[in-house]
Amino acid sequence: MENKFVQAPFEVDQHITAHSNYFAGKMGSKFYVALRDSKEILGVRCKTCSKVLWPPRETCGRCFSLLTEDDLVKIGPGGSVVSFTRVHYSEPIHPDVDAPLVYAVIQLDGADSGMTHLIGGVDPEQIEIGMRVTPVFIENRNGNILDIVYFKPE
Amino acid sequence: MKRNVAIIGGGQTYHAARRHDVDQGEMVNEAVRAALKDARMTMDDIDAVFLGNMEFFEGTHLTDCWLAGSAGAYGKPGMKITTGGTVGATIIGAGMHHVAAGLFDKVLCIGFEKQEEGDTGAILSGVAHPLYGRSMAGAAVGYFAMMGTSYMAAWGAKEEHAAMVAVKARQNARKNQYAHLKLDITIEDALNSRMLAYPVRMLDMCPASNGACVVILGDEKTARDRCKKPVWIRAMDTAHNEQFEIDWRNVTLTKPIFSTACAARMYKRLGVDDPKKYFDVFEIYEPATWAEMVWYEDLGLCSRGEGFKLMEEGATAIDGPIPVNPSGGVLSTNCIGASAMLRVWEAALQIRGDAGGHQVPKEVNRALATAYGGTNWTVMTALSSSTED
Amino acid sequence: MNQKNTVTEQICVPMTVDVPYRFAAGKYMARFLTELRDNGRFVGVKCPSCNRVQMPPRVVCAACHVKNDEWVELSSEGTMVGFTIMYLPLTDPTTGKPHEPPFVYGSVRLDGSDSTVEHMVNVEPDLDKIWVGMRMKVVLRDREERIGDLSDIIHFEPLPGQKRPQ
């Protein structure tokens, strides 16, 4: 056969679709059940570090202490904006939210770590660091972080 | 090696089809705490953490970041390793090289899988070439089925021989408190189990398990100072096969392939003439019954085409002269990211004499563990109670 | 908190990820696929050092680490080296549709090649009608239906007039 050859590029478009089921585990399940059934936000207190962490976890990453259900504490629901950004394009992950959308890191009252969530119910131009906010819950909650629609100014 | 490296502790979770009670981090943490307890250490003693699992099997990427807290890796050096079915052994390899080189003295190695969470079929299809292999849906079961027909046609083995492997694995698993499939089955049960892909039946295949394994490695000084029964890593070797050439299934091939080439190189380095005499126990990675008999031949435990006879003679039984997979093996427990590490850890437990119910009834000084994965590649680990051989 | 010792529901969050990608076949694989699509024939490369004929063609012989630059045409007939009768409805990941079980699926070494290729086999799922060593031929789709991947092969088919060896 001919050894010298000119070959046109050969490209194809394909995709892989993968489904998964994430199990929230001991601490995660407590968190989502409280959020869904009681509109409560749980964090976990590490006695060794004297820190309250969100989301709740079984091991304190800093000191490797084993934390238990007894260490769960209610935090928030209000908190303060630590940092934020305005996103001027739509995100496929939030099909129901029109741009511009505002993401913020919110330090809930009683917690030492922040939660990233959306800010709504306010002119994006009016948001500033230090602003006090409180969560708005949806009616039919199903145990998902989007059971909180967004945080709005107090 | 520049410095001798020993396994100075380890641990595992129990393995099961369902672990709805824990998230990935909580599951991994069970094995980390078990291993620290075994080594009589705390996380403060550990210099670096190496962690791995199957790529995207749980639908999560960057598991080293996700699980840093549960793994005890916060602020410590280390990395994630992802090499398919071999990964558990590759993680130990990475840890071993760092200790041997003198970079760290005490390294924690973690392999895990929560198979129930992901879409293993879809993710594994990504292993095949998009245009040459991906539309051909044989999956792992089809691969081992073709190994089975090829093996029977070449050597005159029967389905009964595969059934004997299936029974040995699950009866051994009954002696292992951590194993997933602890089944009191007979040859007839295996031969009557549901046909998946001729000649591979349900009981010829490994399960999909959830679980984690952790091994702690130490340098020689740490091992001698702090560990009563260090198990020395005497050699590790790896070998890949050629892309597109799925040789392991074509059992009459005489050219060197990944498994035979890796074994030959390791045996030469260790001065092994007769592996079945040199090693006292084997923990091999057998995702299907037929693979176990092909491993016997590839590892030189018998001549080519005689693996099924070795099985028939009972030579590889837990109380036989060449015990293979007293733990129950991959056929009884397959949390993939942990499976290859479990082979090494179970081999180490045999040398320590700490395997409990599935301890082989003879003196064990040397053991060989194999790993298998991808489109045919292996990691092999030779362990010994002594640094002298 | 007073939630101690209560049995908590185990929360599970389902997710789906769809990953699109554009795959470039590369020079050697492109020639193989183009020959298959346009001319309905199989081509491989022969290593100048070990003389091994490799299909699909690849630029380097993995065993010898030399460049493969002799192209050879392969037969559309070959020999079965391993097969299975599949009883699971495995999904074709490129179409999302299951293959209806039971079906026969095999690995065939085309004449003139040292490599094997896997595909469906058009034979009844009966052990009397399929065996290792059986002579097979490739059945391709019509030219206008071929797209340049292995789905251009419909299946393998046994050559006529064969008897099962005892």
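Labels below follow one simple rule: chain letters A, B, ... track the order of the sequence lines, proteins then strands, and each chain is numbered from 1.
Remark: B/Glu55 CD is loosely packed, at most 12 non-hydrogen atoms of other residues, nucleotides or ligands lying under 6.0 Å away. Heavy atoms of other residues, nucleotides or ligands lying less than 6.0 angstrom from NZ of B/Lys255 number more than 12.
What you find for C/Gly148 and B/Leu131 is that their closest heavy atoms are O-CD2, 4.3 Å. In terms of heavy-atom proximity, C/Met86 sits nearest to B/Gly142 at CE-CA, 3.8 Å.
Ranking C/Pro102, C/Ala62, C/Pro165 against chain B, the residue ahead of the rest is C/Ala62, based on heavy-atom pairs under 4.5 Å. Looking only at heavy-atom pairs under 4.5 Å with chain B, the residue among C/Ser115, C/Pro56, C/Gly106, C/Pro98 that has the most is C/Pro56. Ranked by heavy-atom pairs under 4.5 Å with chain C, the list B/His20, B/Met147, B/Arg194, B/Met146 is led by B/Met146.
With a threshold of 4.5 angstrom between heavy atoms, C/Phe23 approaches chain B through side-chain atoms but not through N, CA, C or O. Looking at C/Val81, the atoms closer than 4.5 Å to chain B (heavy atoms on both sides) sit in the backbone and in the side chain alike. Heavy atoms of B/Glu117 lying under 4.5 Å from chain C are absent altogether. Interface remark: C/Leu88 contributes backbone and side-chain atoms alike to the contact with chain B (heavy atom separation under 4.5 Å). For B/Phe56, the part sitting under 4.5 Å from any heavy atom of chain C is the side chain, from C-beta outward, and nothing else. Contacts of C/Leu127 with chain B are made by side-chain atoms alone, with heavy-atom separations under 4.5 Å and no backbone atom involved. Using a 4.5 Å cut-off between heavy atoms, B/His129 contacts chain C through its side chain alone, with no backbone atom that close.
The shortest distance between side-chain heavy atoms of B/Asn250 and C/Thr116 falls below 4.5 Å. The closest side-chain heavy-atom distance from C/Val132 to B/Met152 is not below 4.5 Å. A heavy-atom distance below 4.5 Å is not found between the side chains of B/Arg18 and C/Gln10. Using a 4.5 Å cut-off on side-chain heavy atoms (C-beta onward), C/Leu150 and B/Tyr132 make contact. Between C/Met80 and B/Thr149 there is no side-chain heavy-atom pair separated by less than 4.5 Å. Contact annotation: the side chain of C/Met29 approaches that of B/Phe244 to within less than 4.5 Å [non-hydrogen atoms, C-beta and beyond].
Taken from CD in C/Gln54 to CD in B/Glu245, the straight-line distance is 6.5 Å, to the nearest 0.5 Å. Interatomic distance, CE of B/Met202 versus OH of C/Tyr87, reported as 15.0 Å (0.5 Å rounding).
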| query | Going through the distances and angles, do B/Met195 and C/Ile85 end up as a side chain to side chain contact (heavy atoms under 4.5 Å, CB included)? | reply | CA-CA 9 Å; B/Met195 186 69 87; C/Ile85 302 170; over 6 Å; no
